[in-house]
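Please read the structure below before turning to the comments.
Everything quoted here is computed from the prediction, not taken from an experiment. These numbers come from the heavy atoms of this one structure, side chains and all, not from hydrogens, waters or symmetry mates. Both counts, for ligands and for their atoms, begin at 1 and track the order of listing.
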Amino acid sequence: MTIAVTAVSGQLGRAIAQALLDMKLDQPIIGLARTPAKVTGLGIDVRPGDYDQPDDFKASLAGVDTLLLVSGLAAPDVRIQQHRNAIDAARAAGVRKIVYTSIQGLEAGTPFSPVVQSNRQTEADVRNSGLIWAIGRNGIYIEPDVEYIDTYRARGKVANSAGSGKCGYTTRAELARAYAALLTTDGHDGQTVNLNGTPMTQAELVAYLNRAFGTRLTYREMTPAAYVADRTAELGDFYGPIIAGIYEGIRLGANDTPGDVAAITGRPHQSWDAYFGALGAELNPLR
Ligand SMILES: NC(=O)c1ccc[n+]([C@@H]2O[C@H](COP(=O)([O-])OP(=O)(O)OC[C@H]3O[C@@H](n4cnc5c(N)ncnc54)[C@H](OP(=O)(O)O)[C@@H]3O)[C@@H](O)[C@H]2O)c1
């Protein structure tokens, strides 16, 4: 009853593999990676797992019962076929159950929507695969905002187009716990679940950042068009509109969902008080 996790060279795949290892299951855990040599220190068998190399991918799934498919990062149309390659390989290799990491967001109306649509297409492909399935729709990662603190500090503000929209952020550690549960239990088979913490506004996020980092950041709302231009200037024509589109979705309420983590793991998603409290304590142990 081997469980395989794709993209273990990436942060989410690795965290999920580690969460499974932490459960000390009787089942073997293996990793798949486009670049197996990148994966060090996990202590598991890591096999070739490039979504663009279906034959190798299928061979790597020999003996695998349950597969966790981490969503790829390619352009939306390319990504759909990559995921189909992985799903087809799983079926051909005799995999019994597949769990897919999808995303939350609006399927139409923002520059992020083509990415959301590509994930919705893969969701449909997973549901139609004939395999037992479960789908998680990930909230937005909180970590990039924390990693961006020096830039925020230099600017004195967080500026984006989310306005007063609430966003159910999450952390990779919480996602990993939830996916480990979806992989090892059957209570959510055949379901699509939202994986995120308590939704908050950008003003609330800024208050948490200020408390953890001792900053005095303010929040400034931008129009969606101005934020697309801002992100495109910094991140280029592909990622700029995508990132700006995520915030437009938040503005429109796409990420304001209570989330299903407690129902899946038996424990609520980590609270933002706890997350930022721990971060602040780590940064300022004497405070
Ligand atoms: N919720 C959010 O806020 C958010 C933000 C960013 C991304 N995401 C999504 O979450 C997913 C995982 O995030 P992450 O934190 O793990 O990102 P990450 O650390 O950048 O890792 C991305 C992983 O995808 C792998 N990958 C890319 N193309 C592949 C292919 N053709 N075949 C097999 N593997 C491939 C990479 O392999 P290599 O090591 O070989 O490059 C890497 O392991 C992303 O793929 C993206 O869909 C979500």
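Within the 3.5 Å criterion, the main-chain N or O of Gly163 finds a donor-acceptor partner in the side chain of Tyr219.
Short contacts between ligand 1 and Ser71, defined as distances under 4.0 Å to a heavy atom of the residue, involve ligand atoms 11 (C), 44 (C), 45 (O), 46 (C), 47 (O). Near Gly49, meaning under 4.0 Å from any of its heavy atoms, are these atoms of ligand 1: 32 (N), 33 (C). Listed by number with element, the atoms of ligand 1 under 4.0 angstrom from any heavy atom of Ile140 are 1 (N), 3 (O). Near Lys38, the atoms of ligand 1 lying under 4.0 angstrom from a non-hydrogen atom of the residue are 38 (P), 39 (O), 40 (O), 41 (O). Interface of Val70 with ligand 1, defined as ligand atoms under 4.0 Å from a residue heavy atom, comprises 11 (C), 12 (C). Of all atoms in ligand 1, numbered sequentially from 1 with element shown, those under 4.0 Å from a heavy atom of Asp50 are 30 (C), 31 (N), 32 (N), 33 (C). Residue contact check: Arg172 has heavy atoms under 4.0 Å from atoms 15 (O) of ligand 1. Every atom of ligand 1 with a heavy atom of Ala7 under 4.0 Å away is listed here by number and element: 23 (C), 24 (O), 25 (C), 43 (O).
Taking any N or O of Gly72, backbone or side chain, at least one lies under 3.5 Å from an N or O belonging to ligand 1.
Contact annotation: Gly139 has at least one heavy atom less than 4.0 Å from an atom of ligand 1. Assignment of Arg14 to the shell around ligand 1 is not supported, since no heavy atom sits closer than 4.0 Å. The shortest heavy-atom distance from Ile103 to ligand 1 is not under 4.0 Å.
In this structure, the protein non-hydrogen atom closest to atom 40 (O) of ligand 1 is Thr35 OG1, 2.5 Å. The closest protein non-hydrogen atom to atom 19 (O) of ligand 1 is Gln11 N, 2.9 Å. The protein heavy atom nearest to atom 41 (O) of ligand 1 is Arg34 NH2, 2.8 Å. Of the protein's heavy atoms, Ser9 OG, 3.3 Å lies nearest to atom 37 (O) of ligand 1. Closest to atom 21 (O) of ligand 1, if we only count protein heavy atoms, is Gly10 CA, 3.3 Å.
For the pair Asn119 and Arg79, the minimum side-chain heavy-atom distance is below 4.5 Å. Side-chain contact check for Asp88 versus Pro54: every heavy-atom pair is 4.5 Å or farther apart. In this structure, the side chains of Ile103 and Phe112 come closer than 4.5 Å at one or more pairs of heavy atoms. The shortest side-chain heavy-atom distance between Leu182 and Val193 falls under the 4.5 Å cut-off.
A tilted orientation is assigned to the rings of Phe276 and Trp272, their planes being inclined by 30° to 60°.
With respect to Asp125, the salt bridge (charged side-chain N to carboxylate O under 4.0 Å, His left out) criterion is satisfied by exactly one of Arg120, Arg91, Arg84: Arg84.
Once rounded to the nearest 0.5 Å, the distance linking OG1 of Thr171 with NE2 of His269 reads 5.0 Å.
Distance check for atom 10 (O) of ligand 1: a protein heavy atom is found below 4.0 Å.
Sorted by first and then second residue, the pairs that involve residues 22-43 and meet side-chain hydrogen bond (donor to acceptor under 3.5 Å, both in side chains), not counting sequence neighbours, are Gln18-Asp22.
Of the candidates Tyr141, Phe57, Tyr51, Tyr169, it is Tyr141 that places a heavy atom closest to atom 14 (P) of ligand 1. When the heavy-atom distances from atom 20 (O) of ligand 1 to Thr6, Leu12, Leu73 are ranked, the shortest goes to Leu73.
Judged by distance alone, the side chains of Thr2 and Asp65 never bring a donor and an acceptor atom under 3.5 Å apart.
Across all non-hydrogen atoms, the minimal contact from Glu234 to Tyr148 is OE2-OH, 2.7 Å. Shown here for Pro114 and Pro76, the closest heavy-atom pair between the two residues is O-CB, 3.6 Å.
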